[in-house]
Amino acid sequence: MTDTDAPYLTLAGVRKSFGAFTALDNVSLAVERGEMMLFLGPSGCGKTTLLRIIAGLETQDAGTIVQSGRDVSRLPAAKRDYGIVFQSYALFPNLTIFANVAYGLVNRRGEHAAIVARVRELLSLVGLADAGAKYPGQLSGGQQQRVALARALAPAPGLLLLDEPLSALDALERLRLRGEIRALQQRLGVTTIMVTHDQEEALSMADRIVVMNQGRIEQVGAPRVVYETPATPFTADFVGKVNVLPAVCEGGGRFKVGALSLVVAGSMQTQGTAVRLYLRPEDIALQANGAHVPNEVGATVLKVEFLGAFCLVGVTLTDAGTGPLVLNVPRHTADAAGLVRGAAVNLCLPPDAMRVLN
């Protein structure tokens, strides 16, 4: 295997405890060269601790970290090859934007002309070419985050670390900046790890997502794989909205849900096994009267929540003996189908869209 074929960053058996609390439990992971990987999970799952250990800002209790063929497990942060952007921006308020971006280059005693050229290049890349003489307090939150990103990229690091960089911004600015960060990362080809608890952010930005829970990795995969084929109940529950139906396997790919018998494609469960069936709201289809399809079920509308382009429709299944389900319906379809509280509807639960997890 050549250096270019090997993963850029490899973590093996990383553990970290704070007193009796285990923050990371035997985490192993490989980050490919040039990819954008997002650590996704709830607060306290260990994602920020893992990022800080990669950066050398925390020391792991056990495990190794190899970056570009070099063991950096015990190296101090200053001797590791990365740039980092924090949630709080961490800009120097008494320095101009130009001086903030140039800070790391000046400390490395680079030539003045090269520093000026590099800072101008980066400010142009992040859309702030004319802001060099301003101070951080004169910029918006989104602009300050762009400056922090330019400063992190100034020394041309091999690894870029982003610690929830968008969480302090308003919704529109967050949406705009996440697209800019992704486009910039792809343009530069820099290996990037970003921490987030925002599922939409992870799904839209990542080459691969690492879903974390209680100090462990639940699943690693491309966004579509993690969303459509969750490997664990936690991943299914945490990534996106999902309906859960308690069921018992009847054999032959059929499952008993209350008085209903549902077909699930590709199921290999043993008869009598208690499972949960997972189904995304957008996969449930309204069924036209007179058309017969697998897993056609009756339901009663409990509520219709208007969300603009879509409506979130809550229903209760007839004879299922379970809690309510939700489905996403385009608003024009909802209007045409007469979806109002108390209305009776026929639904289709597609066999190939349901996931079976013990």
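These values consider heavy atoms only, across backbone and side chains, with no hydrogens, waters or symmetry-generated copies.
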Given the ring of Tyr227, does Arg280 sit roughly above its face, with NZ or CZ under 6.0 Å from the centre of the six-membered ring and within 45° of the axis?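 Yes, a cation-pi geometry holds between Arg280 and Tyr227.
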
Got a second to check how far [X]'s [atom1] is from [Y]'s [atom2], nearest 0.5 Å?
X: Ser68; Y: Arg80; atom1: OG; atom2: CZ; result: 14.0 Å
X: Leu149; Y: Leu160; atom1: CG; atom2: CG; result: 6.0 Å
X: Leu339; Y: Cys311; atom1: CG; atom2: SG; result: 8.0 Å

State whether the number of non-hydrogen atoms from other residues, nucleotides or ligands found under 6.0 Å of [X] atom [atom1] is greater than 12.
X: Glu200; atom1: CD; answer: no
X: Tyr103; atom1: OH; answer: no
X: Asn94; atom1: CG; answer: yes
X: Arg74; atom1: CZ; answer: yes
X: Lys303; atom1: NZ; answer: no
X: Arg182; atom1: CZ; answer: yes

Hey, which of Thr235, Val242, Asp237 is the one that makes side chain to side chain contact (heavy atoms under 4.5 Å, CB included) with Val239?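 Checked Thr235, Val242, Asp237 against Val239; only one passes side chain to side chain contact (heavy atoms under 4.5 Å, CB included): Thr235.
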
Which one of Val147, Ile97, Thr96 satisfies the side chain to side chain contact (heavy atoms under 4.5 Å, CB included) criterion with Pro136?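 Result for side chain to side chain contact (heavy atoms under 4.5 Å, CB included) with Pro136: Ile97.
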
Is the side chain of [X] donor-acceptor paired with the backbone N or O of [Y] at a distance under 3.5 Å, no angle test?
X: Arg118; Y: Ala154; result: yes
X: Asn295; Y: Leu262; result: no
X: Gln144; Y: Leu139; result: yes
X: Gln185; Y: Val190; result: yes
X: Gln214; Y: Thr22; result: no
X: Thr270; Y: Thr273; result: no
X: Arg15; Y: Asp25; result: no
X: Asp81; Y: Gly158; result: yes

If you look at every heavy atom in Phe238 and Pro42, which pair is closest and at what distance?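 So the minimum-distance heavy-atom pair works out to CZ-N, 3.6 Å.
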
Of all heavy-atom pairs linking Phe255 and Ser267, the shortest is CZ-OG, 2.9 Å

Taking the side chain as every heavy atom from C-beta outward, state whether [X] and [Y] have any atom pair closer than 4.5 Å.
X: Arg331; Y: Phe306; result: yes
X: Leu245; Y: Leu279; result: no
X: Val27; Y: Arg216; result: no
X: Pro281; Y: Asn243; result: yes
X: Val211; Y: Val226; result: yes

Could you walk me through whether Gln67 and Tyr8 pass the side chain to side chain donor-acceptor pair (under 3.5 Å) test, one step at a time? CA-CA 6 Å; Gln67 181 181 353; Tyr8 178 78; 2.8 Å; yes

Would you please say whether a donor-acceptor pair under 3.5 Å links the side chains of Glu250 and Ser261? yes

Arg33 and Thr191 side chains, donor-acceptor separation under 3.5 Å: no

Give the C-alpha distance, both sets of side-chain angles, the deciding distance and a yes or no for side chain to side chain donor-acceptor pair (under 3.5 Å) between Glu164 and Thr196. CA-CA 5 Å; Glu164 300 200 51; Thr196 185; 5.5 Å; no

CA sep, side-chain torsions, deciding dist, call: Glu173, Ser140, side chain to side chain donor-acceptor pair (under 3.5 Å): CA-CA 10 Å; Glu173 187 68 24; Ser140 68; 5.1 Å; no

